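Read the structure below first, then the notes.
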Number of protein chains: 2
Amino acid sequence: MRPYYEDTKAGIVIYHGDALDVLPHLSGVAGVVTDPPYSSGGAFRGDRTNATLAKYISTDSSRQDTLDDFTGDNRDQRSFMAWAALWLNGARNAAVPGAVLVSFIDWRQLPTLTDSVQAGGWVWRGIAPWSKKFGRPRAGGFSSACEYIVWGTKGPLHEHQVYPPGIFECSAEGDREHIAQKPEAVMRWALQPVPHIGSILDPFMGSGTTLRAAKDMGFPAIGIEMSEKYCEIAAKRLAQEVMAL
Amino acid sequence: MRPYYEDTKAGIVIYHGDALDVLPHLSGVAGVVTDPPYSSGGAFRGDRTNATLAKYISTDSSRQDTLDDFTGDNRDQRSFMAWAALWLNGARNAAVPGAVLVSFIDWRQLPTLTDSVQAGGWVWRGIAPWSKKFGRPRAGGFSSACEYIVWGTKGPLHEHQVYPPGIFECSAEGDREHIAQKPEAVMRWALQPVPHIGSILDPFMGSGTTLRAAKDMGFPAIGIEMSEKYCEIAAKRLAQEVMAL
DNA sequence: GCCGAGAATGAATCCATCC
DNA sequence: AGGATGGATTCATTCTCGG
């Protein structure tokens, strides 16, 4: 297990590889905080099997040229369920008792993910919406203005003196290097329930927002990412000093 | 099918009885907008006297503490699923093509309800949170500050020129005659996607907030309620004139 | 530096066409 | 027949840029 990047002083490690391969080697995790590929993007099978750029970026956008596709986003619901149960179980094995799981998901896969969370051995504790205030409008129906956190714990809840709000409002970020990149403020919210009894793990690191927020909040952190390009981007972001909050 | 209450001029009807008995007699419904009993309590109480842990204790002691929440609700969840599929199917039969379904639910039953909606023949279209702003704070975990709308349609979406927001913020009502009573503003939000091609149906009317909002928005409406006491309360609320919005 | 107008954007969605 | 492709559509918010 050779890290792609390591910052011993801050306790930050990045592994370049598949989460399912790397997870068995990890331990001491207090919080699994991540944003897995949703395998979503449309009611029709054809839509879902599209490349991520075609699925998630509006056709008239110039972003098509500047962002990259990512892989592993084409599972159907049953294999998404099975795959998610696998990485969730792997992450739970790396976690200490009382550890917290926080995973983002969209509305379409939310019910499947809550099943996977429990199948992976976590105690499902709830849902919390991230409100982007206004999604793309939809004539005759509710716009999908939110993404969701599904959260749980390894065994009993490790009660400590934090009271994270059950909903978080924050508009989506303008400048992004990854299609699904989330604002750091959102990730800091997601990290709030994690007790300081170990490190933060993000098995689907992407451009490294989770690790960046973890570092700024004083957590050691481990990231796993399949794409070398994003490993590089994340390493650059993490090489910077702690940011003032 | 004798109505408990009827206002011919406004097209408001209340039936006193069980939804599953009344639904087969109805038709011309453009919107099913309701707030069903969430827990499988009341009529569908499972056998909770079973020691849930005793049934599922595994020899892997590390998993015992993770199982309490997972297994506790299983039986109730399955009967909730079956029962909800029944009334959802019945309501769909009473609905016109393009009709909209809007059902409130809490986080715990949300995944079960999305299954039931599809089992009942509706096209599941999404989720929309109602944020109550102040959930009960919870040490070490996200407060549950939201209830959720699960919505869908009977066949293709009947596009019309409304753009309902995908999230609605409104504090829970102070004065209530029913435990689960929701503010009228919330119900008016829930009614927004319903096209004016028929009536509003609430199979679990309670104190009649849905019908009151429907009347104020110019919809004919049908309510069903098992408890005579709430039939009476709702009839009183509906006897009042249309309220200014 | 502030303000207002105009342009760009969104982990979309749906459908007609084309292979 | 069924999967892949491309275009049209929507508006509150955010961003850009000029005055």
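Each chain gets a letter, A, B and so on, in the order the sequences are listed, and its residues count up from 1. This one's a predicted model, so the numbers in the text were calculated from it and none came from an experiment.
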Check this for me: does any side-chain nitrogen of one of A/R237 and A/E184 sit under 4.0 Å from a carboxylate oxygen of the other? yes
Partner of D/dC11 under the Watson-Crick or G-U wobble criteria, both distances under 3.5 Å, comes out as C/dG10
Contact class for A/P37 vs. all strands (heavy atom < 4.0 Å): base, sugar-phosphate, or nothing? base
d(CH2, B/W124; C1', C/dT13) in whole Å: 15 Å
Would you check if A/Y38 stacks with the base of C/dA11, given a 5.5 Å centroid limit and a 30° plane limit, both strict? yes
Distance flag, aromatic centroids of A/W107 and B/W124, threshold under 6.0 Å: yes
Under 4.0 Å between a side-chain N/O of A/R108 and OP1 or OP2 of C/dA12, yes or no? no
In whole Å, I'd like the distance from the NE2 atom of A/H178 to the C1' atom of C/dA11. 10 Å
Nearest-nucleotide comparison on DNA chain D, the residue closer to the 5′ end among A/K133 and B/Q161: B/Q161
Whole-Å P distance, C/dA11 and D/dA8: 22 Å
Remember a base hit wins even if backbone is also touched, and classify A/W107 as base, sugar-phosphate or nothing at under 4.0 Å, heavy atoms. sugar-phosphate
Before you tell me yes or no, could you show the steps for B/E169 and A/K133 under salt bridge (Lys or Arg N to Asp or Glu O under 4.0 Å), namely the whole-Å CA-CA distance, both residues' side-chain angles and the distance that decides it to 0.1 Å? CA-CA 10 Å; B/E169 192 176 299; A/K133 293 186 190 170; over 6 Å; no
Euclidean distance for C1', D/dT9 against C/dG10 (whole angstrom): 13 Å
A/K182 side-chain proximity, nearest of C/dA11, D/dT10, D/dT14: C/dA11
So which nucleotide from C/dC14, D/dT10, D/dA12 ends up closest to the side chain of A/R136? D/dT10
Just compare D/dT13, D/dT10, C/dA11 and give me whichever is closest to any side-chain atom of A/A180. C/dA11
Roughly, in whole Å, what's the span from OH in B/Y163 to C1' in C/dG10? 16 Å
Do the side chain of A/K55 and the main chain of A/D73 share a donor and acceptor less than 3.5 angstrom apart? yes
B/H160 NE2 to D/dC11 C1', straight-line distance once rounded to whole Å: 16 Å
How close or far is atom P of C/dA11 from atom CG of A/D106, stated in whole angstroms? 11 Å
Between A/Y56 (OH) and C/dT13 (C1'), how many Å, whole number? 13 Å
Whole Å only: how far is the CZ atom of A/R138 from the P atom of C/dC14? 5 Å
Does one side chain, of A/Y38 or A/E147, offer a donor that lies under 3.5 Å from an acceptor on the other? yes
Please determine if a side-chain N or O atom of A/R176 lies less than 4.0 Å away from the OP1 or OP2 oxygen of D/dT14. no
May I ask you to say what A/A139 touches in the nucleic acid, namely base, sugar-phosphate or nothing, with a heavy-atom cut-off under 4.0 Å? nothing
Is any side-chain heavy atom of B/S103 less than 4.5 Å from a side-chain heavy atom of B/F204? no
Can you see if the side chain of A/S171 gets near the phosphate of D/dT14 - specifically, an N or O under 4.0 Å from OP1 or OP2? yes
Separation of atom CZ in A/F134 from atom C1' in C/dT9, rounded to whole Å: 13 Å
